[in-house]
Engineer: 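After the structure tokens below, expect a handful of questions from me.
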2 protein chains.
Amino acid sequence: MSTGPTAGTHRPADERRAQLLDAAVEVLRERGLAGLTTRAVTTRAGVPHGIFHYAFGSKAALVRALVDRELSGAAAAWGAAVESDDVPTALRQALLAQLDIVRADPERDAYLTELVRVAQDDAGTRPALWEQDRYRAEVEHRLASWSHDAGVVWVAPVAEVASLVLSATDGVVRAWVVDRDDRRAETSVDLLARAVASLARPA
Amino acid sequence: MSTGPTAGTHRPADERRAQLLDAAVEVLRERGLAGLTTRAVTTRAGVPHGIFHYAFGSKAALVRALVDRELSGAAAAWGAAVESDDVPTALRQALLAQLDIVRADPERDAYLTELVRVAQDDAGTRPALWEQDRYRAEVEHRLASWSHDAGVVWVAPVAEVASLVLSATDGVVRAWVVDRDDRRAETSVDLLARAVASLARPA
DNA sequence: GCATGACTTGGTCATCTGGCCAAGATCGAC
DNA sequence: GTCGATCTTGGCCAGATGACCAAGTCATGC
């Protein structure tokens, strides 16, 4: 697949960068962060080592570009296709959707986690925490919407409930990543949805 | 402090190992996993580099020993000093205690996380997942105890509630580690306790 | 005391890493 | 077609790292 019709030599630097970023993702999937060396990337991309320094000035620049590319547009799917007037049910569906995102491609989650970690150390890169804020806002909006439709009110500010939902969901997902126990994760999602839903009471 | 009364030369290998493990922890705290080199450890311990290979056969052996030593006996404090017949209050106290453990020494949590991560890659080391099971059993016991004292029953098997509590708490704690927002974390703990407590109903 | 084995020392080695560069090849504008 | 800019190539470098060892030192049981 690296020998497509336009895969020859003398391609513009932007395409080279994209090519190397693709290769970097593959390397991350296969060998993890420790195996992400400049040589591993260029070898994987099938280009000479020297290309690397020409395309990116340094390894840090690659990591920065990688974080930018991989982490953008990750927030969307929070309750996208959830259809229910029942708060606990809607919650359960939304939480399950979050779990399924990771279950569908656990390795992506793994290397993204590593990527964010190394990016935090590097002072040059933004930890992209604003993504987290977008998440929070999205969840908040959903919670407010559901409670409104169901004619209930939260016993605490929606923002606080949203924070809890976000954190707790993350915890459940991470637990699955560690033990890969589907039943346990689904049960936790179910109980979490019920528990959180109980924070809403008739208006 | 490395020149104590018994800090001279010709100490038994076990003491050398302990000495190097101490130094390794300090290195981890200061420079993280990336800075944990055999030389950094021996320099920190104030011993010649060659000692390392004598004491441990390899760097992997040090990491293994480090995981063993640092990760043992971490489970205890789940609801140790909790005193309340009120389920939500007891829960809140226990959850807060968990949060406080990390808040008291965030760097320990940080390097332990890194350590576990690298240990998982190394096929030779046990991920020490049985610790997680001890946690689970401990939480389960506490939940059962509290509900019994309060004269309520859980709407789901205690094991499932325990799993949720464990996962969700972990999520809240990790969120704090990322944003260091005390108010948010405490609010989440509070809400989580209330939410989970609502999974218990009068017998 | 003294021999044996445990411990120490400081150096060396092969390997790998990120970074760099100078010469050549190629493309595109004119 | 020519010429300058862009891109390619393969090799090189200094530094760091984990591993290793041979010779020396010391403690201790006999």
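Order of the sequence lines fixes the chain letters, A, B, ..., with proteins taken first and strands second; residue numbering starts at 1 for each chain. If you're wondering where the values come from, they're calculated on a predicted model, not measured in any experiment.
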Engineer: Are the side chain of B:S188 and the backbone N or O of B:R184 linked by a donor-acceptor pair below 3.5 Å?
Structural biologist: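 Side chain of B:S188 to backbone of B:R184, a donor-acceptor pair under 3.5 Å: yes, one is there.
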Engineer: Calculate the interatomic distance between B:L33 atom CG and D:dT17 atom C1'; express it in whole Å.
Structural biologist: 14 Å
Engineer: Among the candidates D:dC7, C:dG10, D:dG10, find the nucleotide nearest to the side-chain atoms of A:A13.
Structural biologist: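 Closest nucleotide among those given: D:dC7.
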Engineer: Any donor-acceptor pair under 3.5 Å linking the side chain of A:E114 with the backbone of A:L33?
Structural biologist: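 Yes: the side chain of A:E114 pairs with the backbone of A:L33.
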Engineer: Checking B:D22 now: which residues fulfil side chain to side chain contact (heavy atoms under 4.5 Å, CB included) with it, not counting sequence neighbours?
Structural biologist: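 B:D22 satisfies side chain to side chain contact (heavy atoms under 4.5 Å, CB included) with B:R69 only.
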Engineer: Rounded to the nearest Å, what distance is computed from the CZ atom of residue A:F52 to the P atom of nucleotide C:dC21?
Structural biologist: 16 Å
Engineer: What nucleotide, of C:dG11, C:dG10, D:dC7, holds the atom closest to the side chain of B:H49?
Structural biologist: C:dG11
Engineer: What nucleotide among C:dC7, D:dT17, D:dA19 has an atom nearest to a side-chain atom of B:S58?
Structural biologist: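 Selected nucleotide (nearest to the side chain): D:dA19.
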Engineer: Please report the distance, rounded to the nearest Å, between CZ in A:R11 and P in D:dC7.
Structural biologist: 12 Å
Engineer: More 5' along DNA chain C: A:G50 or B:V47, using each one's nearest nucleotide?
Structural biologist: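 Here B:V47 is the residue nearer the 5' end.
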Engineer: For a quick test of reading the model: is some side-chain N or O of A:H53 closer than 4.0 Å to OP1 or OP2 of C:dC20?
Structural biologist: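 True: A:H53 side-chain N/O within range (under 4.0 Å) of C:dC20 OP1/OP2.
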Engineer: For a quick check under 3.5 Å, do B:R174 and A:S167 share a side-chain donor-acceptor pair by atom type?
Structural biologist: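 Distance-only check fails for B:R174 and A:S167.
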Engineer: Starting at OH of B:Y54 and ending at P of D:dA22, how long is that distance when rounded to a whole Å?
Structural biologist: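 Rounded to the whole Å, the gap is 16 Å.
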Engineer: Between C:dC16 atom P and A:K59 atom NZ, what is the distance in whole Å?
Structural biologist: 15 Å
Engineer: What integer distance in Å separates A:I51:CD1 from D:dG11:P?
Structural biologist: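 Checked: the CD1 to P distance equals 15 Å.
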Engineer: So, does B:K59 use its side chain to make a donor-acceptor pair with the main chain of B:L36 at under 3.5 Å?
Structural biologist: yes
Engineer: Can you tell me which nucleotide in C:dC7, D:dG18, D:dC7 comes closest to the side chain of B:T37?
Structural biologist: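 Selected nucleotide (nearest to the side chain): D:dG18.
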Engineer: For the side chain of A:R16, counting heavy atoms from C-beta on, which of D:dC7, C:dG10, D:dT8 is nearest?
Structural biologist: D:dT8
Engineer: Could you state the CG-P distance from A:L20 to D:dC7, rounded to the nearest angstrom?
Structural biologist: 13 Å
Engineer: Between the side chain of B:D105 and the main-chain N/O of B:R108, is any donor-acceptor distance below 3.5 Å?
Structural biologist: yes
Engineer: Is it the case that the side chains of A:W176 and A:D182 hold a donor-acceptor pair, with the cut-off being a distance below 3.5 Å and no angle test?
Structural biologist: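 Yes.
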Engineer: Nucleotide by nucleotide, 5' to 3', does protein get under 4.0 Å of the base (B), only the sugar-phosphate (S), or neither (-) in nucleotides 22-30 of chain C, counting heavy atoms?
Structural biologist: ---BB----
Engineer: If only side-chain N and O atoms of A:T38 are considered, is one of them under 4.0 Å from the OP1 or OP2 phosphate oxygen of C:dG18?
Structural biologist: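 Affirmative; the distance criterion is met.
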Engineer: Between A:R39 (CZ) and D:dG11 (C1'), how many Å, whole number?
Structural biologist: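 Going from A:R39 (CZ) to D:dG11 (C1'), I get 10 Å.
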